[in-house]
Protein chains: 2
Amino acid sequence: MASMDRRELLKLSSAVSLAAMVSSAAGASQKPVGNEHDNVPIWEVFEATFPGPSTGNPFVDAQFTAALSLGGRTVHVDGFYDGRGSYKFRFMPDAVGTWSYVTTSNMPEISGKSGSFHCVAALPGSHGPVQVRNTRHFAYADGTPFFPFGTTCYAWIHQSQEIQQQTLESLRTGPFNKIRMCIFPKSYQYNHNEPALYPFDRDASGKSDFTRPNPAFFAHVEQRISDLRALGIEADLIVFHPYDRWGYATMSAEDDDRYLRYVLARLSAFRNIWWSLANEWDLMRAKSAQDFDRFFHIVEQRDPVGHLRSVHYSHTMYDYSRPWVTHASLQTYAFESVPTWHAAWNKPICFDEIQYEGNLNSRWGNISGLEMMRRFWLGVVAGCYVTHGETYLDPEAALDENTTPTIWWSHGGRLHGTSPVRIAFLRNIVEKSAAAQGTDAKRTGFGAQTPAYYPNANTVDASGRGTQEILYFLDFHQPLYYDFPLPEGTYTAELIDPWEMKVKALPGTFSGKSKIKLSGTPYQAVRFRRT
Amino acid sequence: MASMDRRELLKLSSAVSLAAMVSSAAGASQKPVGNEHDNVPIWEVFEATFPGPSTGNPFVDAQFTAALSLGGRTVHVDGFYDGRGSYKFRFMPDAVGTWSYVTTSNMPEISGKSGSFHCVAALPGSHGPVQVRNTRHFAYADGTPFFPFGTTCYAWIHQSQEIQQQTLESLRTGPFNKIRMCIFPKSYQYNHNEPALYPFDRDASGKSDFTRPNPAFFAHVEQRISDLRALGIEADLIVFHPYDRWGYATMSAEDDDRYLRYVLARLSAFRNIWWSLANEWDLMRAKSAQDFDRFFHIVEQRDPVGHLRSVHYSHTMYDYSRPWVTHASLQTYAFESVPTWHAAWNKPICFDEIQYEGNLNSRWGNISGLEMMRRFWLGVVAGCYVTHGETYLDPEAALDENTTPTIWWSHGGRLHGTSPVRIAFLRNIVEKSAAAQGTDAKRTGFGAQTPAYYPNANTVDASGRGTQEILYFLDFHQPLYYDFPLPEGTYTAELIDPWEMKVKALPGTFSGKSKIKLSGTPYQAVRFRRT
């Protein structure tokens, strides 16, 4: 690691202190670059820093790239200007060995610089970036299945330090392994505070200079991404969004593209990011679908890691069948449509906004914890991936949308709902399934494996081994018994109460059409596992 | 009343003994017909009986009609053969005055018979047959609004006398004013008993002669229709259905049409019937949509009262836009589609099968009482009409579909669910609304009056008086407060808890955008009434 000192290197042996590493990487580096004795674990960030000119506007004027080679392979990455005469490039090595690099620039001071580093084995708990696997599902680069259980805190990195620390603590003890979060600050109902840092330089009147990104702002973003990485949480980074009073939603195409390239140069080397090009792209009146086509192409060309790419909508879907979209990011709870959309797109589908558990005065922000739990289960058996959100207003708070209370959905802080502990229960069930344990496992929803008929079932097939596990969720139905039509094989059965979070194993084994007596109450589940 | 004796005439003064009247009318009449001293209340049944030949097959051979006249108006009705040499016609007078009649037949013994009767004022509690009113809603012939709160007991008239009496008692004390019921007996899961009476003559081997209806069977049907009439309940009569092992679902077109004409001749004079030409017409493999077109035309031509006409489906809708369909009869719980369907058909919409509260092992037969209650409220605010059903299996019963337990959905008997008392609470609210009290009231669902947006609201406008009442149902949403956008006027407000069945009046009055603090729990309602 180019910029780490001895003390920090020692920390690398502990997975829980990963945060420290990128905190350092993102800070001002004083150490010479290209130290060939540095050992960088695979999927961590290698960073090299070079002094150069600070005259003019290097954010616009400087062209700075690096070519990194291992054996016969060469990867090109964009560098970036980090202010105060400091130029950097970052790289996430994806193969063990000695990588060499050489820089190219229109500025002689930072061109033709070369060096090398050793890429060594992964840190404990590190599995690499998440990718699409088995067409409609996800896995880390090392093949470990990744089953997203996301949450949403759009503007958490723009709140007070105290709230940010509360958020991290809530995430540490919570059930989530993905978080949707904006790069830009947010201006919306219940969101009226100013951020501590702005993404661009501002003059005394508050006017932004979109040609001059603020390195301190981005260092803060990087700190939080590395904090999440230390917690094993994917940052589903929202690059543009419409909730704006500072002008970030209405920049020119040239400014948009330069900002996006800057983001890509700084952040692509973090393994735990996904690109969400917008939240509610269709509410951005100043942009068209063609603008987002262009953004996708820029990301395709300038993210050497190939992180997951999608965009989220309010009413009008972006065309998720396009080849540059890796997965769908939906605002809906129409789980019955998953088979149709799977067939149309043949990609993973994330239900990234299924309304929020809470008590706001908006339809999207006041479903019950039971309903949130129900939607997570429906997503699991439908073979898609569901994202949580919470919007509880303190009953004693002023009932005024012009205030800025702390609401998880946007600010982070503490969780108040009844669904997170049930989501943890469900995640535990899913991650202990054959699908989550075997790299050859394949998940299929009711659309793929079974007809979209009652009860909704998620069948887990392990390639070459037949059906390993079947998870039924009975939704609001409350049958007294059901004749479960088991496929070939012998199975154990468990009755699962998703709300009470209880699992009761039934005696004996089951095969063929199996009549099982149930509780006769709603929201129950049954799991069969092959013996 | 042609066939009533003195004792029975006395009973007419009491609405609760209406049942006795038709019981008599449907029995064998020995009294001379055309007694001009008879007084028949409007909307009751006038019946005239004539002796005639019993040789051959009069069900097929006899042509027998009557022309009834009042002033310059003449109404033609079909008579029918009631067995044992007895020919009858029935007529429901819809205007007060002295009606005269004359018969026509291809049999000289019953042709050219004439007589008259006096039609007098309605019995207490009688409002006439239900008709379409205000395009998408219903009212009785006297203008009293009719808001259907239906239930379903498909084969209740084919169970033991004890169960039939239990059913009548359950209906007497229950919340329902309409019942979906089959004419033919039913053969289906949990429905394996033989009926006490068959609709057609059978030989020793059990083979039916579809050319010979069984008068005793139809007299029993008429007894039950009159029992329902005495309770103020509309009989939504299902003429054909697919759940059959006797051959009634696969008769020839000629037999179908003759049966239908016989049903029309016998039953049209009962004011409390609706024609449902089939349950799940599309599951009747031997019939096509064209067959049902033909059935509709026969009903149009041979029902002089013009009772409501529809047909119910399983997967494939009949085209409810056709002019001979008076209202839609749906199997769905897609309440969000009501605005679209209202726009397409411009008719009343009955959600006649929204699944059943119960615990069966079929998706359609095991929703909770809460979910059933919820669907009734969604129907009310959507501006359509919802039909209840219940399928509870005794937890101690044999879990075997080949048995014949007593389940309300099919057999009647007793109600076990938690929804009926909540449906009664809702019906009470609705019937006390301006819509139910004023003949000029108009109901509009959220599709017509307000956008299909949260909260779902049912706005009641009384013609010329502006909005009188607005009923909001918040479904699974649990806002802590809501800014209700009231139309012009001043309103009182009440918080309604549909599950706890409590109404709490808020102090003061409200106008314009009104912020009201709510419970923050799911399934709440709010009612505004103009002061």
Side-chain angles (χ1 to χ4, degrees), chain A residues 189 333-334 336 355-372 374-375 391-401 405 407 416-418 451-456 474-485 513-524, chain B residues 189 333-334 336 355-375 391-401 405 407 416-418 451-456 474-485 513 515-524:
Chain A
Q189 60 186 53
Y333 49 98
E336 69 279 8
Q355 304 185 324
Y356 300 86
E357 181 187 347
N359 60 6
L360 294 193
N361 64 340
S362 299
R363 190 183 181 88
W364 53 261
N366 55 29
I367 66 170
S368 66
L370 175 66
E371 183 67 21
M372 177 62 76
R374 171 186 175 243
R375 293 181 189 185
T391 48
Y392 275 108
L393 203 59
D394 183 338
E396 303 309 314
L399 303 182
D400 185 350
E401 295 171 12
I407 307 180
H416 303 279
T418 53
Y453 191 61
Y454 174 78
N456 302 326
L474 280 60
D475 199 7
F476 47 67
H477 299 286
Q478 50 178 19
L480 193 61
Y481 72 95
Y482 190 75
D483 292 300
F484 292 91
K513 192 173 178 181
S514 299
K515 186 187 295 291
I516 292 183
K517 193 159 182 179
L518 305 167
S519 66
T521 55
Y523 305 111
Q524 301 298 309
Chain B
Q189 62 187 52
Y333 49 98
E336 69 278 11
Q355 304 185 324
Y356 300 85
E357 180 186 348
N359 61 6
L360 295 193
N361 64 340
S362 298
R363 189 182 182 92
W364 51 262
N366 55 29
I367 66 170
S368 66
L370 176 65
E371 182 68 21
M372 177 61 75
M373 178 204 80
R374 171 186 175 242
R375 293 181 188 186
T391 48
Y392 274 108
L393 203 59
D394 182 338
E396 302 310 314
L399 304 180
D400 185 348
E401 296 172 11
I407 307 180
H416 303 280
T418 54
Y453 190 61
Y454 173 79
N456 302 326
L474 282 60
D475 199 5
F476 47 69
H477 299 285
Q478 50 178 18
L480 194 60
Y481 72 94
Y482 190 76
D483 293 301
F484 292 91
K513 193 174 178 182
K515 187 187 293 292
I516 292 183
K517 193 159 181 179
L518 305 167
S519 66
T521 55
Y523 305 112
Q524 301 298 309

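The analysis underlying the following values was restricted to heavy atoms, covering all of them including side chains, and did not include hydrogens, waters or symmetry mates. The chains referred to below are lettered A, B, ... by the order of the sequence lines, with proteins before strands, and numbering in each begins at 1.
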* To do: Sequence neighbours left out, what passes side-chain hydrogen bond (donor to acceptor under 3.5 Å, both in side chains) with Thr521(A)? Give chain and number order.
  => Ser519(A), Gln524(A)
* Can you see which heavy atom on Tyr481(A) is nearest to which on Leu393(B), and at what distance? => CE2-CD2, 3.9 Å
* Would you say Gln478(B)'s side chain and Asn359(A)'s backbone share a donor-acceptor pair under 3.5 angstrom? -> no
* **Sidechain-backbone polar pair: His477(A) side chain, Ile367(B) backbone, donor-acceptor under 3.5 Å** => no
* Interatomic spacing from OG1 in Thr391(A) to CG in Leu480(B) - rounded to 0.5 Å -> 11.0 Å
* Asked: Mind checking what makes salt bridge (Lys or Arg N to Asp or Glu O under 4.0 Å) contact with Lys515(B), not counting sequence neighbours?
  -> Asp483(B)
* Structure fact -> Output for pair (Asn366(A) CG, Leu474(B) CG), nearest 0.5 Å, gives 7.5 Å
* Which heavy atom in Pro479(B) sits nearest to a heavy atom in Leu360(A), and how many Å separate them? -> CB-O, 3.0 Å
* Mark yes or no: Arg375(B) above the aromatic ring of Phe476(A), with NZ or CZ under 6.0 Å from the six-membered ring centre and no more than 45 degrees from the axis. => yes
